[in-house]
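Let me begin by presenting the structure, written as structure tokens, before commenting on it.
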Amino acid sequence: MLNSWADLAANSAPENAGTSNSTAPSRPVYVPPHLRNRAASASASAESSPAPLPPNVSTNNNNNNAGSRWGAPRNGWGNRNGGWDRREVNPFGDQEGAAEEGAAAFGEQQENTGINFDAYEDIPVETSGENVPPPVNTFAEIDLGEALNQNIRRCKYVKPTPVQRHAIPISLGGRDLMACAQTGSGKTAAFCFPIISGIMRGQGQPLQRPPRGVRTVYPLALVLSPTRELSMQIHDEARKFSYQTGVRVVVAYGGAPINQQLRELERGVDILVATPGRLVDLLERARVSLQMIRYLALDEADRMLDMGFEPQIRKIVEQMDMPPPGARQTMLFSATFPKEIQRLASDFLSNYVFLAVGRVGSSTDLIVQRVEYVQESDKRSHLMDLLHAQRANGVQGKQALTLVFVETKKGADALEHWLCRNSFPATTIHGDRTQQERELALRSFKTGNTPILVATDVAARGLDIPHVAHVVNFDLPNDIDDYVHRIGRTGRAGKKGLATAFFNDNNASLARSLADLMQEANQEVPDWLSRYAARSSYGGGRNRRSGGSRFGGRDFRREGSFGRGGSDYYSTGNSGGYGSSGGYGGGYGPGVTSAWD
DNA sequence: AAAAAAG
């Protein structure tokens, strides 16, 4: 009873507000955010004539036939939100608040500016594809719009990071993109800026929908990520970038009450950030339609396309109502991009640019990697030793943050319990905990309240946790890519980090790739590990996913002339067709990427 | 074999 009444009220209120004295719009039309104040009154008086296109609308190659294919723009904006959102909370308001708590606790300033650009100076970059738009050196060179520029200043971003310098012009040029890149250095911004800017410009043609459920919303951009916490993080960042641009960002993920998310959606959504399960739910309830999607971004794209996720992603991207490749712009980001996954991913892309922002020798050098031989039964006491040592390294009375990865959820609980019993304040994050518990754990860790976090792979990717001094692989993962992502939780934004792994016979299959990785990162490889690696290379101890070039860094379209790709990982220049290889033969072997995302 | 993601 109460529910249906509330729903009714929630449903009709914005509709009335948006159109006041006219008949309710039945057909959606895209109104760029900067015109929405006017649009609300304009559409009321001009119901029968097509809505004016924004003056600076630029035709996008990929979309210029969308009008004929999908129907001409109509009146009425599907999101029923005429005008800027006056209730928009200033995400910068508590400048020293939430996100900065950790920094404050450590007596440091502004994590956002903490990027150490010197660490990036000589980062090798490879691009391939046809007519690759050239990189820029400053934000000023790109016309992102004044509102967005102001937010960039508020974020204290002074100049674009390497991934931004390359990815933003490519995306603004309307091209699809597969990028091997680093989050810590602004990966989220690299796909958010072009999306926000594009939405503000009203680029391309809106796609018409058949009238369906009145409460259906039509986001223009979709960002998918593999974990709830990562979606939250992306949402938080995207909200900063879109502040006062009129572009509305909404997040939807499982484990949280759906009603609140539905209410947020009903207030209007331009950019939807979501985890796959909850999005499918919303699509099946017809509360969200993907018909108007003009931008699709997959964060941690290789994870999104691996066995566990691929069917869901295919369903969302190929079997719902999303415009096909070419009629939308698609951006895939990850630090690791095995070529098998690249092949899968190419289904979603159209004439795309491949971009690899690699590590230079110095990038993963920021993370000191250690491997110790530890029997299962000795792991706990060994961890204890590390933590005792870590205690001495505390900053301002706070213990440095240590992130401990384990294999299983049960193992995580057990270890947390044991640590607490031994007076090490620890908490844990894994998929068997409630969402509330997960978020609490992460917050408590970030603030230094609980300086030890025991985690499963749920925390392996993308999470930006400042001040993680030490990553311990209590249990090593089976996949070297997961190792790369895990250790990338430390040594972020150009800062130094330490990663310690406990290795024993159970990890024999990882020996070779681990030894290779460490060698390429100029780390000291223990002799016993080298011997292990040599042994396992006989036994076929290769990683399941590849025989060689298993890291990102290389466009799989360029495979072919070389037996196993990777040894010519970096060509020198940018652009060039598929076949052109600069042939930098040095050092990168089977492809080390950044240890970051 | 495990983890993640809907309830």
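Reckoned from all heavy atoms, side chains included, excluding hydrogens, waters and symmetry mates.
A cation-pi arrangement is absent between Lys187(A) and Phe333(A) under the rule of less than 6.0 angstrom and at most 45 degrees off the ring axis. A cation-pi contact, defined as under 6.0 Å to the ring centre and within 45° of the axis, is absent between Arg486(A) and Tyr483(A).
Atom CG in Asp457(A) sits roughly 13 Å away from atom C1' in dA1(B) (whole-Å rounding). Across the protein-nucleic acid pair, Tyr253(A) atom OH and dG7(B) atom P stand 11 Å apart, rounded to whole Å. Protein atom CD of Gln312(A) is 17 Å distant from nucleotide atom P of dA3(B), rounded to whole Å. Rounded to whole Å, atom P of dA2(B) lies 21 Å from atom CD1 of Ile429(A). Atom CG of Asp306(A) and atom P of dA4(B) are 13 Å apart (whole Å). If you take CD of Glu300(A) and P of dA5(B), they are 13 Å apart, rounded to a whole angstrom. The distance between atom CG of Asn506(A) and atom C1' of dA1(B), rounded to the nearest whole Å, is 12 Å. The distance between atom CG of Asp475(A) and atom P of dA3(B), rounded to the nearest whole Å, is 11 Å.
At least one side-chain nitrogen or oxygen of Lys409(A) sits closer than 4.0 Å to the OP1 or OP2 atom of dA4(B). At dA4(B), none of the side-chain N or O atoms of Arg228(A) fall inside 4.0 Å of OP1 or OP2 (strictly under the cut-off). Distances shorter than 4.0 Å separate none of the side-chain N or O atoms of Arg433(A) from OP1 or OP2 on dA4(B). At the phosphate of dA5(B), neither OP1 nor OP2 sits under 4.0 Å from any side-chain N or O atom of Thr227(A).
For the side chain to side chain contact (heavy atoms under 4.5 Å, CB included) test with Glu407(A), the passing option among Asn473(A), Asp475(A), Asp457(A) is Asp475(A); the others fail.
Using bins of under 30°, 30° to 60° and over 60° for the plane-to-plane angle, the ring pair Tyr532(A)/Phe503(A) lands in the perpendicular bin.
Comparing dA4(B), dA5(B), dA3(B) by their closest approach to the side chain of His430(A) singles out dA4(B).
Note on Arg438(A): only backbone sugar-phosphate atoms sit closer than 4.0 angstrom, heavy atoms only; bases stay farther off. If you check every strand for non-hydrogen atoms under 4.0 Å, Gly431(A) touches sugar and phosphate atoms only.
Using a 4.0 Å cut-off between charged nitrogen and carboxylate oxygen, Arg285(A) and Asp281(A) count as a salt-bridge pair.
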